[in-house]
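Heads up: the structure comes next, in structure tokens.
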Amino acid sequence: EAASGRINGNVIRLLVAVGVAVGITIGVHRIISGDSIHHYIIGGYLIVIVLTLIAPKYIVPLAYDLGGVTTSEVTVPLVTALGIGLATHIEGRNILMDGFGLIAFASIFPIITVMLYAITMHFMTSLQRVNP
């Protein structure tokens with residue numbers, strides 16, 4: 001309803017799932033490689049800020065809301081358990097930082113995927129208007 005037919009709801013659901021998967025994958029890579037969480041989080045939020053400035057205004061609140069939805073009763077325990085399990089078995093990892101750090105990744109990337117979709121759809125619609 002917020003996008004008035006400009007975006008497909010089923011695609012949004014799929015993109016949120018893909019965003020969570022990409023975020024968890026990058027977070028797991030970070031735990032395994034031992035890289036600093038700060039670089040990844042700052043980089044992710046810089047992308048979110050840039051996309052917020054570029055994205056159509058109707059999608060920004062929805063994208064941010066969908067990022068928060070991913071931290072639900074199901075996601076948090078499962079993703080935290082994954083992070084804690086990995087950190088426990090890899091020497092030199094901080095169990096708390098790595099376990100809860102995965103949740104941050106699961107929240108950032110759905111925002112990115114949804115805004116990228118809206119930007120793409122806005123661009124494609126603009127091209128169709130120019131070249132009928």
Side-chain angles (χ1 to χ4, degrees):
E1 289 177 22
S4 2
R6 292 178 270 197
I7 57 173
N8 185 331
N10 290 328
V11 173
I12 293 291
R13 289 181 190 95
L14 180 66
L15 288 172
V16 169
V18 167
V20 171
V22 168
I24 292 173
T25 302
I26 291 172
V28 165
H29 167 75
R30 189 206 61 79
I31 293 171
I32 292 170
S33 68
D35 294 338
S36 172
I37 190 170
H38 302 97
H39 298 116
Y40 287 85
I41 296 296
I42 291 169
Y45 276 112
L46 284 175
I47 293 169
V48 168
I49 290 167
V50 169
L51 291 176
T52 300
L53 297 172
I54 297 170
K57 298 307 170 213
Y58 66 85
I59 199 67
V60 173
L62 179 63
Y64 277 74
D65 188 48
L66 291 171
V69 166
T70 60
T71 56
S72 68
E73 299 85 13
V74 175
T75 308
V76 171
L78 292 175
V79 173
T80 303
L82 173 64
I84 290 171
L86 277 171
T88 301
H89 291 89
I90 298 175
E91 191 174 322
R93 301 303 181 264
N94 182 329
I95 295 171
L96 289 177
M97 190 70 139
D98 293 326
F100 289 102
L102 276 180
I103 296 169
F105 288 104
S107 299
I108 293 172
F109 285 90
I111 298 170
I112 293 171
T113 56
V114 169
M115 283 199 282
L116 283 174
Y117 171 66
I119 291 167
T120 303
M121 294 309 295
H122 182 73
F123 180 73
M124 298 297 279
T125 305
S126 298
L127 282 180
Q128 288 177 351
R129 286 186 200 140
V130 172
N131 300 322

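A quick note: this is a predicted structure, and the numbers were derived from the prediction, not measured. Numbers for residues simply follow the sequence, beginning at 1.
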*Closest contact, heavy atoms only, V79 versus I103*: CG1-N, 4.0 Å

*Which heavy atom in A106 sits nearest to a heavy atom in I24, and how many Å separate them?*
CB-CG1, 4.2 Å

*In the single-linkage hydrophobic clustering (I, L, V, M, F, W, Y; side-chain heavy atoms under 4.5 Å), do V11 and V22 co-cluster?*
yes

*Any chain of hydrophobic side-chain contacts (each under 4.5 Å) joining V69 to L14?*
no

*With sequence neighbours left out, write down each residue that passes side chain to side chain contact (heavy atoms under 4.5 Å, CB included) with I84, or none if nothing qualifies.*
T80, T88, I95

_From M121 atom CE to I59 atom CD1, the distance as rounded to the nearest 0.5 Å_ = 11.0 Å

Side-chain donor/acceptor pairs under 3.5 Å, residues 39-51, sequence neighbours excluded:
| from | atom 1 | to | atom 2 | distance (Å) |
| --- | --- | --- | --- | --- |
| Y40 | OH | D35 | OD2 | 2.7 |

*With sequence neighbours excluded, what pairs up with R93 under the side chain to side chain donor-acceptor pair (under 3.5 Å) test?*
none

_Cluster check L82, I90: I/L/V/M/F/W/Y, side chain < 4.5 angstrom_ = yes

*May I have all residue pairs that pass salt bridge (charged side-chain N to carboxylate O under 4.0 Å, His left out) and include part of residues 19-30, sequence neighbours excluded?*
R30-D98

*Check the pair F105, T25 against side-chain contact (heavy atoms from CB on, under 4.5 Å), reporting the backbone distance first and the verdict last.*
CA-CA 9 Å; F105 288 104; T25 302; over 6 Å; no

Only distances under 3.5 Å count here; give the side-chain donor-acceptor pairs of residues 108-119 to other protein atoms, sequence neighbours excluded, each with its distance to 0.1 Å.
| from | atom 1 | to | atom 2 | distance (Å) |
| --- | --- | --- | --- | --- |
| T113 | OG1 | L15 | O | 2.9 |
| T113 | OG1 | F109 | O | 3.3 |
| T113 | OG1 | P110 | O | 3.1 |
| Y117 | OH | N8 | N | 3.2 |

*hydrophobic_cluster_shared for L102 and I32, side chain cutoff 4.5 Å*: yes

_Residue pairs fulfilling salt bridge (charged side-chain N to carboxylate O under 4.0 Å, His left out) with at least one residue in residues 48-60, sequence neighbours excluded_ = none

